[in-house]
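Report on the structure given below.
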Amino acid sequence: MSLKKPKPDSKPQPIPRGSYTRGTGGSQSDIGLSAVVDTSTKTPPHTEPTPNNNGKKSGSLITVLIAVGANLLIAIAKTVAAFMTGSASMIAESAHSWADAGNGTLLIVAEKKAVKPADKSHPLGYGKESYVWSMIAAFGVFMAGSVVSIYTGITEWNAPEAETNYTIGFIVLAVAFLLEGFSLVQAYRQSKKQGEALNVSAIGYVIDTSNPTLRGVFFEDLAAVIGLVIAAAAMGMHAYTGQPFWDALGSIVVGILLGVVAVFLISRNRDFLVGHRVSDKMHCYVLTELLDHPDIDSVSYLHLEWVGPKKIFMVAAVDIAGNQQEQTIAQKIEDIENQFRDNPIFQEAILTLSVPNAEVLHLPNSQASNTNMIG
C-alpha cells in the first residue's frame with residue numbers, strides 16, 4: 001500500500017500494518033505532498049503537506065502570530081493618526097486594524113483547538129473547531145471593520161470642510177503598508193511553497209486549502225494592503241481638491257472591500273463545516289490505491305471528506321479478493337484500514353464489504369485528466 005513518503009524516482013514502500021490504535025487522531029500541522037502520492041507515477045491529488053510532529057510551531061501559526069503583532073502596532077498608530085487628522089478613511093483603517101488584531105487572536109484559538117486528539121465524545125477529532133473560530137473571526141471583520149467603515153463614510157459624506165494636515169496620516173499609512181506587506185509576504189511565501197508542490201498558484205492554494213488559518217490571514221492581509229492604498233488615495237484627493245467627500249468615499253470603499261472578504265471567508269468556512277468533499281484528483285488517487293491493493297477486487301463506494309485542517313475521513317465499500325473465511329476477511333479489512341490510518345492525512349478510515357452485485361467504481365481513462373473524475 002503506497003501511502004508512506006516515497007524516495008525520489010521510486011515507488012512508495014508498504015506501510016507496516018497494525019500499528020494504529022482505532023479512535024486516536026493525529027496532530028494538525030502542515031502536510032506534504034510526498035506523504036500522500038507517488039509523484040513519479042501518479043498525478044498528485046489536491047491536498048496539503050505531511051504533518052511535522054517535531055514539536056515546532058506550524059507555518060500557519062507563525063504566519064498568524066506575525067499578523068497579530070503587526071496589526072496591534074498598526075492599530076495603535078492609526079488610532080493616534082485618526083484623532084490627529086479627523087480623517088474618515090483613517091478612522092475606517094483604525095477600526096480595520098483593531099478588528100484584524102482581534103480576529104488574529106481568534107485564529108490562534110482556532111489553531112490550538114483543532115489539534116486536540118480524538119476522544120470518545122469526538123471520535124473524528126476536533127478539527128472542525130478551526131472552522132468555527134475562523135468563521136467567528138470572519139464575522140468580526142464584517143461587523144467591526146465593514147460596518148464601522150461604511151457608517152463612518154456615510155456620516156462624514158456631507159461634513160463641512162475643515163483645515164486638515166494629513167502629513168502624520170500619510171506617514172502612518174506608509175509604515176502600516178510596510179508592516180502589513182511583510183505579513184502578507186509571509187503568508188504568500190507559505191502558500192506559494194505548498195502550492196508549488198501541487199502545481200497550483202499561491203492564490204489557488206489559499207482558496208482551496210483545508211487550512212482556514214492560512215486563508216484567513218492571507219485574505220485579511222491582502223484586504224489590508226489594498227485598503228491602505230485606497231485610504232491614501234482618498235486622503236490625497238481630499239487634500240488636493242479640498243472636497244471632504246473623497247475621504248468619506250474612501251472609508252465606504254474600504255468597508256465594502258472588508259465586507260466582500262468577510263463574506264468569502266464565511267462561505268469557505270461554512271463549506272468545510274457542513275462537510276466538504278476532497279478534490280477529484282485526491283478522490284481518484286485514493287480509489288487507485290484501493291484498486292491496486294492485492295487484497296481488493298473492486299470498490300463499490302468511496303466517501304472522502306475533510307473533517308479538519310488536512311484531515312480526511314474515508315468510508316469505502318470493497319470486495320475482498322478470493323473466497324475466504326469471515327475471520328480472514330475481517331482481518332484483511334482491518335489491515336487495509338490501518339494502512340490508511342498510518343498516513344497522517346487520514347483522521348479515520350472505515351471499510352466494509354460491498355453488497356452482492358453492487359455497481360463498482362472505475363478509474364477514468366486518464367488519471368492525469370482534470371475532468372470525468374469519479375465522485
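Start at 1 with the first residue, then count along the sequence.
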### Message
Under a 3.5 Å threshold, yes or no: a donor from one side chain and an acceptor from the other, between Ser89 and Ser251?
### Response
no
### Contact check, side chains of Arg277 and Leu304, non-hydrogen atoms, under 4.5 Å
no
### Query
Hydrophobic clusters join Ile, Leu, Val, Met, Phe, Trp and Tyr when side-chain heavy atoms are under 4.5 Å apart, directly or via other members; which others share one with Ile168?
Val80, Met84, Val172
### Task
To the nearest 0.5 Å, tell me how far Ile266 CD1 sits from Asp271 CG.
12.0 Å
### Query
Are Lys116 and His122 side-chain neighbours, meaning at least one heavy-atom pair lies under 4.5 Å?
no
### Task
Sort and list the pairs that fulfil salt bridge (charged side-chain N to carboxylate O under 4.0 Å, His left out) and have at least one residue in residues 129-138, not counting sequence neighbours.
none
### Query
Where do Asp295 and Lys332 come nearest, in terms of heavy atoms and distance?
OD1-NZ, 3.4 Å
### Task
Return the minimal non-hydrogen interatomic distance between Ala75 and Thr79, and the atom names on each side.
O-OG1, 2.7 Å
## Note on the structure
Between Leu302 and His283, the two heavy atoms sitting closest are O-NE2, 3.4 Å
### Query
Cluster question for you: counting only ILVMFWY and a side-chain heavy-atom cut-off of under 4.5 Å, with indirect links fine, are Leu228 and Val185 together?
no
### Query
Taking all atoms of both residues into account, what is the closest heavy-atom pair of Ala88 and Asp247, and its distance?
N-OD2, 2.8 Å
### Query
Roughly how far apart are Phe313 CZ and Glu348 CD, rounded to 0.5 Å?
6.5 Å
### Query
Going only through I, L, V, M, F, W and Y residues with side-chain contacts under 4.5 Å, is there a path from Leu258 to Tyr151?
no
### Query
How would you list all residue pairs meeting ring-ring contact (aromatic ring centres under 6.0 Å, His included) that involve residues 242-264, not counting sequence neighbours?
Trp157-Phe245, Phe219-Phe264
### Query
Taking a hydrophobic cluster as the set of Ile, Leu, Val, Met, Phe, Trp and Tyr residues connected by side-chain heavy atoms closer than 4.5 Å, whether directly or through intermediates, do Leu363 and Val318 fall within one such cluster?
yes
#### Entry: Student check: side-chain heavy atoms of Ile333 and Leu353 closer than 4.5 Å
yes
#### Entry: Thr241 side-chain N/O to Met237 backbone N/O, donor-acceptor pair under 3.5 Å
yes
### Message
For a 4.5 angstrom cut-off between non-hydrogen side-chain atoms, does Leu257 reach Ile226?
### Response
yes
### Query
Is the count of non-hydrogen atoms from other residues, nucleotides or ligands lying under 6.0 Å from Asn199 atom CG greater than 12?
no
#### Entry: Contact check, side chains of Leu173 and Met235, non-hydrogen atoms, under 4.5 Å
yes
### Summary
Value for CD (Gln190) from OG1 (Thr209), rounded to nearest 0.5 Å, stands at 8.5 Å
### Message
According to side-chain hydrogen bond (donor to acceptor under 3.5 Å, both in side chains), does anything in residues 255-264 pair up with another residue at least two apart or in another chain? List the pairs.
### Response
none
### Task
Let me see the working for Asp221 and Phe182 under side-chain contact (heavy atoms from CB on, under 4.5 Å), right down to the final yes or no.
CA-CA 9 Å; Asp221 284 344; Phe182 175 77; over 6 Å; no
### Query
Under 30°, 30 to 60°, or over 60°: which ring-plane class applies to Tyr131 and Phe272, parallel, tilted or perpendicular?
parallel
### Message
Applying side-chain contact (heavy atoms from CB on, under 4.5 Å) to Arg215 and Leu265, what does each step give before you reach the verdict?
### Response
CA-CA 8 Å; Arg215 179 166 45 245; Leu265 293 176; 3.8 Å; yes
### Task
List in chain and number order the residues that pass side-chain hydrogen bond (donor to acceptor under 3.5 Å, both in side chains) with Ser354, two or more places apart in sequence or in another chain; answer none if no residue qualifies.
Ser300
### Query
Taking a hydrophobic cluster as the set of Ile, Leu, Val, Met, Phe, Trp and Tyr residues connected by side-chain heavy atoms closer than 4.5 Å, whether directly or through intermediates, do Val360 and Leu290 fall within one such cluster?
no
### Query
Taking the side chain as C-beta and beyond, is there a heavy-atom pair between Phe340 and Met314 under 4.5 Å?
yes
### Summary
Partner of Ser191 under side chain to side chain contact (heavy atoms under 4.5 Å, CB included), picked from Ile203, Val206, Asn211, is Val206
### Task
First locate atom CZ of Arg270, then atom OG of Ser134, and finally report the distance between them rounded to the nearest 0.5 Å.
15.0 Å
### Query
Pairs in or reaching into residues 76-93: which pass salt bridge (charged side-chain N to carboxylate O under 4.0 Å, His left out), with residues at least two apart or in two chains?
Lys78-Glu93
### Message
Contact between Val307 and Ile312 at the side-chain level, heavy atoms closer than 4.5 Å - yes or no?
### Response
no
#### Entry: Residue pair Glu180, Ile74: steps toward the side-chain contact (heavy atoms from CB on, under 4.5 Å) verdict
CA-CA 8 Å; Glu180 293 281 15; Ile74 294 168; 3.3 Å; yes
## Note on the structure
In short, Leu72 meets Ala101 closest at the heavy-atom pair CD2-CB, 3.8 Å
### Heavy-atom side-chain contact between Tyr285 and Val278 under 4.5 Å
no
### Task
May I ask you to check whether over 12 heavy atoms, not counting those of Phe170, lie within 6.0 Å of atom CZ?
yes
### Query
Side chains of Asp335 and Gln331: donor-acceptor distance under 3.5 Å anywhere?
yes
### Separation between OG of Ser298 and CD of Glu359, rounded to the nearest 0.5 Å
11.5 Å
### Query
In Å and rounded to the nearest 0.5 Å, what is the CG to CD distance from Asn343 to Glu289?
9.5 Å
### Query
Do NZ/NE/NH1/NH2 and the carboxylate oxygens of Glu334 and Arg341 come within less than 4.0 Å?
yes
### Message
Applying side-chain contact (heavy atoms from CB on, under 4.5 Å) to Asp208 and Arg268, what does each step give before you reach the verdict?
### Response
CA-CA 9 Å; Asp208 292 335; Arg268 290 303 289 156; 4.3 Å; yes
### Message
Restricting to non-hydrogen atoms, name the atom on Gly169 and the atom on Thr85 that form the minimum distance, rounded to 0.1 Å.
### Response
N-CG2, 4.1 Å
#### Entry: Joint hydrophobic cluster, Val148 plus Ile230, side-chain heavy atoms closer than 4.5 Å
no
